[in-house]
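In what follows, a structure is listed as structure tokens, so that the remarks can point back to it.
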Amino acid sequence: MPNGKRKIADGPKTIFRCYAASDEVQYKAVFEKRQKNFELILAAQDIPQLMMDSIYAQFRYSTERVRWHGSGDTFSEEYALAICEVARRTPHLIHYLYTKCLHIWLPIIMDELVPDNLLITASWGGKYDHLIQHSYAFPRNSRVVYTEGEADALGLPIDHDDSHAYEGKPHAFCHLVHGTQPAGSLAQAAVQLRKKQGGFVGYGKKHRAKAA
């Protein structure tokens, strides 16, 4: 953080940026809130109860779903199991998440410890992509594409509102690259072209699901 300012450091193999990382650089309050949540989990003596308290602090009668991790991922087996426990305690809610930590989730899935109301989407583009390719554990999976044509060529639907992550039978789907992208990258060019054409470039109010 030069001069106390947060800055994204793109790696040599970066092809697109996560929108959440861009949010944390742009909005100090967003970064601080997410960092505080992470610290609370690390310090918690009872992680499931901490998360239950957090859910009900934000709960509304209209709440139908809980998406885990607008930013971040399941960083440990203990945390993943805590999410499973919270889902078991709240069978009236649909819980769902995206993850690249497939090595953590695979044994939990194989041991049948994931409740039916917790839906896991494996995200392509990580260290453990081979577990999507060679395992039956992650039939619900998503990948980032640059254009609608790329999704069509793959024969996959594009998700704009998270519904593919929490509805229907487990299946593969896509997300269009969006948000602030590295200067001069193909990802940036794709976003700028869609913007000129009046197409999708990010998630506004009309794209938000009814989630806690």
Side-chain angles (χ1 to χ4, degrees), residues 1-11 17-109 111 113-123 125-128 138 140 142 161-162 165-166 175 178-180 202-203 205 207-212:
M1 292 193 300
N3 300 320
K5 294 182 179 180
R6 293 175 305 283
K7 183 178 180 181
I8 294 178
D10 294 316
R17 290 176 180 168
C18 171
Y19 75 93
S22 297
D23 283 350
E24 290 173 12
V25 169
Q26 186 174 1
Y27 304 109
K28 180 180 179 182
V30 170
F31 170 79
E32 291 178 345
K33 184 175 182 179
R34 291 171 178 171
Q35 181 65 26
K36 181 63 174 180
N37 287 341
F38 180 53
E39 292 172 354
L40 287 171
I41 291 171
L42 292 179
Q45 297 297 313
D46 186 340
I47 298 176
Q49 189 58 53
L50 169 69
M51 296 192 297
M52 287 291 296
D53 292 342
S54 298
I55 287 175
Y56 280 106
Q58 299 294 323
F59 190 80
R60 303 292 184 271
Y61 286 111
S62 61
T63 300
E64 302 171 356
R65 297 174 289 274
V66 175
R67 173 176 171 173
W68 295 85
H69 313 128
S71 172
D73 206 334
T74 40
F75 55 86
S76 71
E77 180 183 30
E78 180 184 18
Y79 181 43
L81 290 172
I83 293 173
C84 292
E85 177 60 23
V86 171
R88 274 189 290 271
R89 294 185 191 181
T90 53
H92 57 294
L93 297 174
I94 295 173
H95 297 256
Y96 69 101
L97 58 86
Y98 295 86
T99 183
K100 290 186 178 180
C101 294
L102 310 183
H103 63 302
I104 291 176
W105 282 106
L106 182 61
I108 296 173
I109 292 171
D111 288 343
L113 298 177
V114 179
D116 291 340
N117 64 324
L118 174 58
L119 307 179
I120 298 170
T121 298
S123 295
K127 183 178 179 180
Y128 302 100
F138 302 104
R140 193 182 299 269
S142 69
D161 60 6
D162 265 3
Y166 60 74
H175 288 101
H178 57 280
T180 304
Y203 291 97
K205 291 182 178 180
H207 295 297
R208 293 174 187 164
K210 290 182 179 179

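Only heavy atoms go into these numbers, but all of them, side chains included; no hydrogens, no water, no symmetry mates.
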(message) So for atom CG, which belongs to Asp111, do other residues, nucleotides or ligands contribute more than 12 heavy atoms lying within a distance under 6.0 Å?
(response)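 Correct, the count exceeds 12.
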So which atom in [X] and which in [Y] form the shortest heavy-atom distance, rounded to 0.1 Å?
X	Y	result
Tyr96	Asp162	OH-OD2, 2.7 Å
Ala87	Pro115	CB-CG, 3.6 Å
Ile104	Ser76	CD1-N, 3.6 Å

Output the distance between atom [atom1] ([X]) and atom [atom2] ([Y]), rounded to the nearest 0.5 Å.
X	Y	atom1	atom2	value
Arg88	Asp116	CZ	CG	11.0 Å
Thr63	Ile94	OG1	CD1	12.5 Å
Glu85	Leu113	CD	CG	11.0 Å
Trp68	Thr99	CH2	OG1	13.5 Å
Thr74	Tyr79	OG1	OH	8.0 Å

(message) Main chain of Leu93, side chain of Asn117: is a donor-acceptor contact present, judged purely on distance under 3.5 Å?
(response)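 The answer is yes, because a donor-acceptor pair under 3.5 Å joins these two groups.
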(message) Checking the side chain of Arg60 only, and the main-chain atoms of Gln58 only, is there a donor and an acceptor separated by less than 3.5 Å?
(response)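 Such a contact is found between Arg60 side chain and Gln58 backbone.
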Would you mind reporting whether [Y] and [X] have side-chain heavy atoms less than 4.5 Å apart?
X	Y	answer
Thr90	His95	yes
His175	Tyr98	yes
Ile108	Glu77	yes
Trp105	Cys84	yes
Leu97	Asp73	no

(message) Among Tyr128, Phe138, Phe75, which residue satisfies the ring-ring contact (aromatic ring centres under 6.0 Å, His included) criterion with His103?
(response)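 Going through Tyr128, Phe138, Phe75 one by one, the ring-ring contact (aromatic ring centres under 6.0 Å, His included) with His103 is satisfied by Tyr128 alone.
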(request) Any pair with a residue in residues 19-32 that passes salt bridge (Lys or Arg N to Asp or Glu O under 4.0 Å), sequence neighbours left out, goes on the list, sorted by first then second residue, please. (result)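 Passing the test, one end in residues 19-32: Glu24-Arg34, Lys28-Glu32.
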Name every donor-acceptor pair, under 3.5 Å, that has one atom in a side chain of residues 40-54 and the other anywhere in the protein, sequence neighbours excluded.
residue : atom : partner : partner atom : Å
Asp46   : OD1  : Gln49   : N            : 3.1
Gln49   : OE1  : Arg89   : NH1          : 3.4
Gln49   : NE2  : Asp53   : OD1          : 2.9
Ser54   : OG   : Leu50   : O            : 3.0

